[in-house]
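A, B, ... follow the sequence lines: proteins, then strands. Residue 1 opens every chain.
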Amino acid sequence: MSKIQITFPDGREQEYDQGITAMDIALDISEGLARNVLAARVNDVVVDASMPIQDDASLALLTWNDEDGKSTYWHSSAHLMAEALEALYPGVKLGIGPAIETGFYYDVDTGDRSISTDDFKAIEDKMLELARTKSVYTRKDVSKADAIAYFQDKGDEYKLELLEGLEDGEITFYEQGNFTDLCKGPHIPHTGSIKAIKLLKVAGAYWRGDESRPQLTRIYGVSFPKKKELDAYLELLEEAKKRDHRKLGAELELFMFSDKVGAGLPIWLPKGTAVRQRLEDFMKAEQLKRGYQPVITPHIAKKELYVTSGHYEKYGEDSFQPIQTPREGEEFFLKPMNCPHHCEIYGHRPKSYKELPIRIAEFGTVYRYEQSGELHGLTRVRGFTQDDAHIFCTPDQVKEEFLNVLDLTMHVVKKLGFDSFTAQISLRDPDNREKYIGSDENWEKAESAIIDACAESGMETVTAYGEAAFYGPKLDFMIRDALGRSWQLGTIQVDYNLPERFELEYIGADNEAHRPVMIHRAPFGSMERFVGVLIEHCAGKFPLWLTPEQYTILTISDKYEDYAKELKTTLDTLGLRGTIDDRAETIGRKIRDAEVKKIPYMLIVGESEAEARQISVRRQGDGDVGKMSPQEFADLIEQES
RNA sequence: GCCAAUGUAGCUCAGGGGUAGAGCACUUCCAUGGUAAGGAAGGGGUCGGUGGUUCAAUUCCACUCAUUGGCUCCA
């Protein structure tokens, strides 16, 4: 028998018989490992652990600790759920059932019956029962004719439609227990490793995402090899619920919505405004240091502006419709973007190359018509303020300016306590070039500018095709919050196209007119979205430099009100902000209320404090810190900020 | 925008063809308190909005608005 060379991820090489499977190799290493192997990556392709390997190959054994291992596990769980559904609901028709970021779903057509969360328990139980049979997931090559015959016989038109798009010879079925599905795999070895299952939600989803097609029932679930892991995950969901910025925003009186004002139009209450303005001040100061010039532009502009920019053609129908002047009938749009205004600023007089780069910054409020079903708290709204700026520079300044923006973005993200993020290079969809404006040449320049600058910064990036803006490629920052969830916040875009459409120029050293390059950037993205994410990240406990109230003075009784007032004046002078709670309530009550309001420090004053000119300090969530002077308290806050 | 669910006091929620209830919050009074809810009394609702059925609608029906979960979208 001929031998093949297997290379492991650590670089180790070993010889095995041709046709050996990943599972055999795992068994060769250790039985414990073999038990945990879910799938294998052979030459960068994820395959069944039972697939024979015929040639020299690199091999990684995938377990629950690998992303690909998990998603294979969840995909297999989707098949298990489908098997359970077929058992419980005979005649159910199946759409698709993939793994998702966390868990899996299956789209099913249950005919006249409907499935609700009340049915989850029964489905979960059935799944567990089937899982315990340790049914093996078996791969089977099938001819197209046989596959069609199988699903025709079963009466599953969705699978038949999927088959239409497949070539004969590439069709495989997977079987486990009494269940057979059209699937290209891979799958885990057997159902026995699926030990803990929770179905999470049920929702309607159109077949193939097309609203003219039938609506299927999508059942979402998640599964784990250990009950403990499921419990931890459910706890995480609970924690996320507690941190929901919509809930905390209402409780802490940060922002509100009003039916009369309109959906998706956040109203910032005094405390929310206090947080937001501190963020804005921080950014403004940082930008001034870095050579940005603040500007202010109107909230509406003539349609003409957006015809020039291309936004009208692209989004005109999907914008708030124009408002008109009563006499002349001129059409004005609520501004959905700040860049066209900023282009006008750049173009208002001839520019010399000596002036570049010009960095124009504005906290610009924009209005976009988002579909009603999309609105969500502060993270998806119809009116929001971008920490926007546009850098106009020469082509050979692009890289340096881009790197400067990267540096600024890192700086602010880290300052806010987001330690982990990924950067996504968003490029054109190569198959759909008509969605974008501008020449291929401009696009290639802009795309390579981003790719080169990222490479030079040494930052890790992922590339996403089809995610670019219509006028240029982007670098999007996906910030990971305290619960490990990813949010798209800041963005940097390199744009060769708008300067062309606005005929922007500068006079170069050669005394000729040249086209500047434009960099769009917003490190926070939008203030609304950023504050929303920040609330969830810090669970409503803002860092001291941001929090609306750093302390509250709690009086033991009304006898100490004078001392409390005096104290507040002292703390004002020391640059701290806070309030006095002199309600006729017990100290226990005042402490509880301050705890619930997440005020970082409670300063308790009674007889002993008034006499000693001191305060008893209590840290939110931690309890008593001890007595100290106002100055010592100010130092403590200073230290912690 | 599409599908589904939900909408009762500031908040969380109960109720149900004969115009409403709890806890918390709020107001007043009593208690002058020592590290997460002191006691008592009181005020507060066109039951999301509009229209319809009915002797009578908060309850049933239609439409509409909003919210939630998905789908599609996101300059």
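Nearest-nucleotide positions on RNA chain B place Val617(A) closer to the 5' end than the other of Val617(A) and Lys474(A). Taking the nucleotide of RNA chain B with the nearest heavy atom to each of Gly373(A) and Ala468(A), the more 5' of the two is matched to Gly373(A).
Pair assignment for G44(B) gives none, since no Watson-Crick or G-U wobble pairing has each distance under 3.5 Å. Across the strands present, C24(B) finds its partner in G10(B); the criterion is a Watson-Crick or G-U wobble pair with both atom distances under 3.5 angstrom.
Minimum atom distance to the side chain of Ala203(A) is reached by G70(B), of the listed G70(B), A36(B), C26(B). Side-chain atoms of Ser616(A) lie closest to G34(B) of the nucleotides G1(B), G34(B), C74(B). Nearest to the side chain of Tyr220(A), among A37(B), C71(B), U68(B), sits C71(B).
Spacing of P atoms, A40(B) relative to A36(B), comes out at 22 Å, to the nearest Å. As rounded to the nearest Å, G49(B) and G43(B) have P atoms that lie 24 Å from one another. Atom name P, nucleotides A4(B) and A75(B): the rounded distance is 29 Å, in whole Å.
In this pair, His311(A) and Tyr471(A) present their aromatic rings perpendicular. The plane angle is above 60°, beyond the 30 to 60° band. Taking the six-membered ring where the residue is Trp, His75(A) and His79(A) present perpendicular rings, their angle passing 60° and hence far from 30°.
Remark: Ile556(A), Ser557(A), Asp558(A), Lys559(A) in residues 551-559 of chain A come within less than 4.0 Å of RNA chain B through at least one heavy atom.
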